[in-house]
Amino acid sequence: MLEKLNNLQRTHICGELHAGDVGKEVVLMGWVHRRRDLGRVIFLDLRDHSGLTQVVFNKEANLELHRKADRTRPEFVVAVEGKVVKREKTNSKLPTGEVEVVASKLHILNTAQTIPIPITDQLKASEETRLRFRFLDLRRAPMQRNLRLRHRVVLALRHYFDQEGFCEIETPFLTRSTPEGARDYLVPSRVHPGQFYALPQSPQIFKQLLMISGFDRYFQVVRCFRDEDLRADRQPEFTQLDLEMAFTTPDAVFRVVEGALTKACAAADISVAPPFPRLTYEEALARYGTDKPDTRFGMELVDVSAVFEPARETLQISLPVHALVAPGAAGFSRKQLDELSEFVKSQGASTLYTAKVKEQGIESPLKKALGETGLNRLRELTGAGANDLILAVPANKPAGADRPHAAAATALGALRVRLAAQLQLIPANQWNFLWVTDFPLFDWSETENRWVSSHHPFTAPADDDLNKLESHPGQVCSQAYDLVLNGSELGSGSIRIHDPGIQQRVFSALGLSSREASERFGFFLQALSFGTPPHGGIALGIDRIVALLAGESSIREVIAFPKTTAAQDLMAAAPSRVDPEQLRELGLWGNKRVLDCACGGVWQVEFEKYSMGEKSGVEVTCPVSKQPVHLPVGGRWRAEHWDPASRKWTEAAGQ
RNA sequence: GGGGACGUAGUUCAGUUGGUUAGAACGCUGCCCUGUCACGGCAGAGGUCGCGGGUUCGAGUCCCGUCGUCCCCGCCA
């Protein structure tokens with residue numbers, strides 16, 4: 001029998017009792033974490049988010065009570081009334097280990113079935129099981145810690161931005177689809193059949209409009225949506241700390257963000273010292289082979305094109321060639337080298353050259369092509385010492401005159417990070433924030449055969465490069481910047497275009513005619529023409545920041561209810577089929593038809609051809625009535641039967 | 001869209017060259033136990049080997065397909 005709470009209230013939480021509380025009558029509530037039944041004495045560990053307290057039930061002191069305690073099972077919800085006493089033997093593993101509660105009353109508030117995953121810190125369950133039973137997974141202390149850390153970080157940020165004069169303003173979730181950028185999540189409009197809202201990839205345009213409106217310091221903790229493939233650090237919905245400032249410069253944005261990150265880190269008891277170092281995009285790529293370098297370790301890339309130049313024909317490679325040194329890795333086995341080679345190829349490189357620097361000389365498959373002298377020069381250039389391993393990767397394609405960024409050694413950059421981890425060269429507890437600046441304004445898209453924004457189309461070009469906007473778009477530098485922490489991109493921002501003329505020129509460089517531009521961004525272009533202050537800002541990835549501060553490698557560990565890599569919610573079973581009536585209401589059929597079935601259900605038919613003739617078409621069997629049904633479809637088709645009684649879809653077979 | 005790893009009891013895993021009734025630990029159930037704290041002891045229950053097909057006298061094991069989870073490339077302004 002379950003008991004009511006009545007007017008009973010907790011006097012303490014489970015993690016706070018200590019020696020000073022001895023003698024107090026207390027009321028605790030929580031979950032039965034563990035029951036240790038020793039026969040005439042039963043110990044219950046009572047758990048809530050704050051910790052554990054041991055509760056004792058003695059058979060001789062109170063037979064009824066002891067029997068009740070005997071009925072409890074793990075994860076039962078109980079209330080305990082009793083007296084705090086000092087323990088006979090202290091348990092030094094528990095913060096409450098000096099005391100225990102001698103129960104005088106036990107209220108079983110709820111029972112629990114045997115749980116599929118144990119509530120332990122070091123859980124071995126698969127992520128699939130954890131996600132299916134996320135509500136139980138979240139009972140575990142590490143998840144409680146992560147989500148409470150997230151709360152403190154967001155709270156600290158909100159407090160900071162408030163103090164800095166920022167105003168939090170909500171922007172719409174149901175908005176207009178933007179042509180540039182990630183794939184949109186679409187929401188059908190019932191009132192306007194065939195038309196759609198898009199969920200925002202970011203509140204970019206709205207925050208710029210707020211600048212035009214005179215809210216000169218805006219911020220928002222905001223959910224963003226992108227319908228792209230997932231990764232450990234990418235979810236279809238994620239949270240940004242979005243901010244924008246009028247009358248600002250990159251330096252001013254950096255100062256504000258550095259202050260914010262200092263507070264966010266402090267919430268995790270981590271101290272950081274601004275200002276953060278800066279690196280240009282060019283330099284980051286040249287030295288680290290990535291635009292988000294992890295600067296906690298060295299192993300920087302070296303351009304060794306000069307050494308490979310003479311052997312260019314023999315090796316059939318393009319220049320430039322970049323190299324890096326793996327310290328102390330000259331002893332790597334053939335198998336290990338093969339693995340590294342596999343890895344760089346998976347990262348898009350054509351080949352990996354290796355050279356082992358040994359006492360007796362340099363061992364390398366390049367010996368024939370480069371000669372002794374070449375290898376020695378390679379060693380000098382890279383600064384490799386005895387027992388080091390030199391790794392070199394040639395460019396896939398030579399750098400085009402108009403595209404100086406195209407031949408970056410990104411595969412080698414990925415190898416650098418992998419090797420540093422493998423060789424354990426990455427120091428723990430180091431927080432290397434970094435600004436990466438001067439990104440190119442455009443990237444060339446091979447698939448679309450046009451220039452695309454490398455940040456977004458509202459990013460301001462560098463003042464000095466305005467004259468190249470039409471002639472050499474690939475050489476135009478932008479006023480965009482990224483915030484990087486330990487090799488992770490935490491945020492991305494820019495100074496925006498506030499001149500409608502320049503905005504038009506950027507649109508046309510992107511291949512958007514002025515007609516298309518005004519169709520898609522007309523309201524925005526118009527707004528720019530009504531007195532827009534110079535402005536800029538940034539958006540910080542809250543999930544990534546909290547994951548790093550929590551020491552987690554996946555943002556799923558800091559999101560209460562995340563989705564799988566197939567963008568599904570295993571607990572809620574989303575996405576899901578919907579009632580055909582809902583689709584009908586939204587006008588979402590396309591080349592589908594809904595046909596009534598004699599059984600009272602409906603057929604949802606997807607087809608290539610639709611014919612009204614009785615002779616053409618297909619015969620299928622109604623899964624409810626088992627009667628044959630004629631569907632007037634031809635070509636490739638697919639039909640499903642919806643039975644409203646059982647609320648079940650059945651795929652039809654037939655021909 | 002492509003590559004890789006994995007899928008066996010509630011959970012985490014083992015399972016030999018294809019061969020009798022698929023095992024272990026934890027968890028669960030029952031009994032015993034007065035100071036445990038990952039309590040201990042004894043007994044017991046628990047399996048569509050993800051799913052479908054194929055090869056074979058015989059498949060958890062081999063082959064094909066499919067579904068699911070994770071990692072990476074592409075993609076992610």
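The model shown is predicted, which means the values in this text are computed figures rather than measured ones.
Taking atom P on both nucleotides, B:A59 is separated from B:G52 by 14 Å, rounded to a whole Å. Comparing the same atom, P, in B:G1 and in B:G60 gives a spacing of 33 Å after rounding to whole Å. For the P atoms, the distance from B:C39 to B:G3 is 48 Å, rounded to whole Å. Spacing of P atoms, B:C42 relative to B:G54, comes out at 48 Å, to the nearest Å. Rounded to the nearest Å, the gap between the P atom of B:C31 and that of B:A5 is 49 Å. Here, B:G15 and B:A25 have their C1' atoms 15 Å apart, quoted to the whole Å. Rounded to the nearest Å, the gap between the C1' atom of B:U8 and that of B:U55 is 22 Å. B:A9 and B:A14: their C1' atoms are spaced 13 Å apart (whole Å).
Distances shown here put every side-chain N or O of A:R132 at or beyond 4.0 Å from the OP1 or OP2 atom of B:G68. Taking side-chain N and O atoms only, A:R36 has a distance below 4.0 Å to OP1 or OP2 of B:C39. The side chain of A:K89 places no N or O atom within less than 4.0 Å of a non-bridging phosphate oxygen (OP1 or OP2) of B:C37. Remark: A:T565 is in phosphate contact with B:C70, judged by side-chain N or O atoms under 4.0 Å from OP1 or OP2. Here A:Q122 does not reach the OP1 or OP2 of B:U12: none of its side-chain N or O atoms lies under 4.0 Å away. Phosphate proximity of B:A38 to A:K93: present, with a side-chain N or O under 4.0 Å from OP1 or OP2. Between A:S126 and the phosphate of B:C70, there is no side-chain N or O to OP1/OP2 separation shorter than 4.0 Å.
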Working for salt bridge (charged side-chain N to carboxylate O under 4.0 Å, His left out), residues A:D338 and A:K335: CA-CA 5 Å; A:D338 283 348; A:K335 193 183 163 209; over 6 Å; no

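Judged by distance alone, the side chains of A:H18 and A:E98 never bring a donor and an acceptor atom under 3.5 Å apart. Using modelled atom types, one finds no donor on one side chain facing an acceptor on the other under 3.5 Å when comparing A:Y481 with A:D438. For the residue pair A:Q54 and A:N91, no side-chain donor N or O sits within less than 3.5 Å of a side-chain acceptor on the partner. A:T171 and A:Q220 share a donor-acceptor pair across their side chains, judged by distance under 3.5 Å alone. A:R223 and A:Q240 share no side-chain donor-acceptor pair at under 3.5 Å. The closest side-chain donor-acceptor pair between A:D543 and A:Q235, if any, does not fall under 3.5 angstrom.
Minimum interatomic distance between A:R140 and A:D137 (heavy atoms only, all atoms of both residues): NH1-OD1, 2.6 Å.
Residue contacts for A:Q54: at a heavy-atom cut-off of 4.0 Å it reaches a base atom on one of the strands shown. Nucleic acid contact for A:T129: sugar-phosphate only, since backbone atoms but no base atoms lie under 4.0 Å from a heavy atom of the residue. Residue A:P457 is classed as a base contact, given a heavy-atom separation below 4.0 Å to a base. Using a 4.0 Å heavy-atom cutoff across all strands shown, A:L570 reaches sugar-phosphate atoms only and no base atom. Residue contacts shown for A:R556 are limited to sugar-phosphate atoms, with no base heavy atom under 4.0 Å away.
Taking the six-membered ring where the residue is Trp, A:W451 and A:F442 present tilted rings, their angle falling between 30° and 60°. Between A:H456 and A:F458, the ring planes lie tilted relative to each other; the angle falls in the 30° to 60° range.
B:C33 atom C1' lies 12 Å from atom CG of A:D70, rounded to whole Å. In this structure, the CD atom of A:E128 is 10 Å from the P atom of B:U11, given to the nearest Å. Atom P of nucleotide B:C37 and atom NE2 of A:H33 are separated by 14 Å, given to the nearest angstrom. Separating the CG atom of A:D121 from the P atom of B:C37 is a distance of 18 Å, rounded to the nearest angstrom. Remark: P of B:G3 and CG of A:D229 are 14 Å apart, rounded to the nearest angstrom. For A:H66 and B:G35, the NE2 to P distance is 12 Å, given to the nearest whole Å. With rounding to whole Å, A:I555 atom CD1 is found 12 Å from B:C70 atom P. The distance from atom NZ of A:K59 to atom C1' of B:U36 is 17 Å, rounded to the nearest whole Å.
Between A:S202 and A:F133, it is A:F133 whose nearest contact on RNA chain B lies nearer the 5' terminus. Along RNA chain B, the nucleotide nearest A:I117 and the nucleotide nearest A:A566 are compared for position; the residue whose nucleotide lies closer to the 5' end is A:I117.
Base pairing annotation: B:U69 forms a Watson-Crick or G-U wobble pair with B:A5, both donor-acceptor distances under 3.5 Å. Pair assignment for B:G40 gives B:C32, based on Watson-Crick or G-U wobble hydrogen-bonding distances that are each under 3.5 Å.
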Contact letters for nucleotides 24-30 of chain B, in which S counts primed atoms plus P, OP1 and OP2 and B counts the base, heavy atoms under 4.0 Å: ----SSS

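Residue side chain A:R226 does not reach the base of B:C76 through any donor-acceptor N/O pair under 3.5 Å, judged by distance alone. Between the base of B:C37 and the side chain of A:R87 there is a donor-acceptor pair shorter than 3.5 Å. The base of B:G35 sits within donor-acceptor range of the side chain of A:E100, with an N or O pair under 3.5 Å.
Listed for the A:T532 side chain is no donor-acceptor partner under 3.5 Å among the backbone atoms of A:I212. With A:R450 contributing its side chain and A:L510 its backbone, the two residues share a donor-acceptor pair below 3.5 Å.
Near RNA chain B, meaning a heavy atom under 4.0 Å away, the residues from residues 37-53 of chain A are A:D37, A:L38, A:G39, A:R40, A:V41, A:F43.
Between A:F225 and A:F173, the ring center distance clears the sub-6.0 Å criterion.
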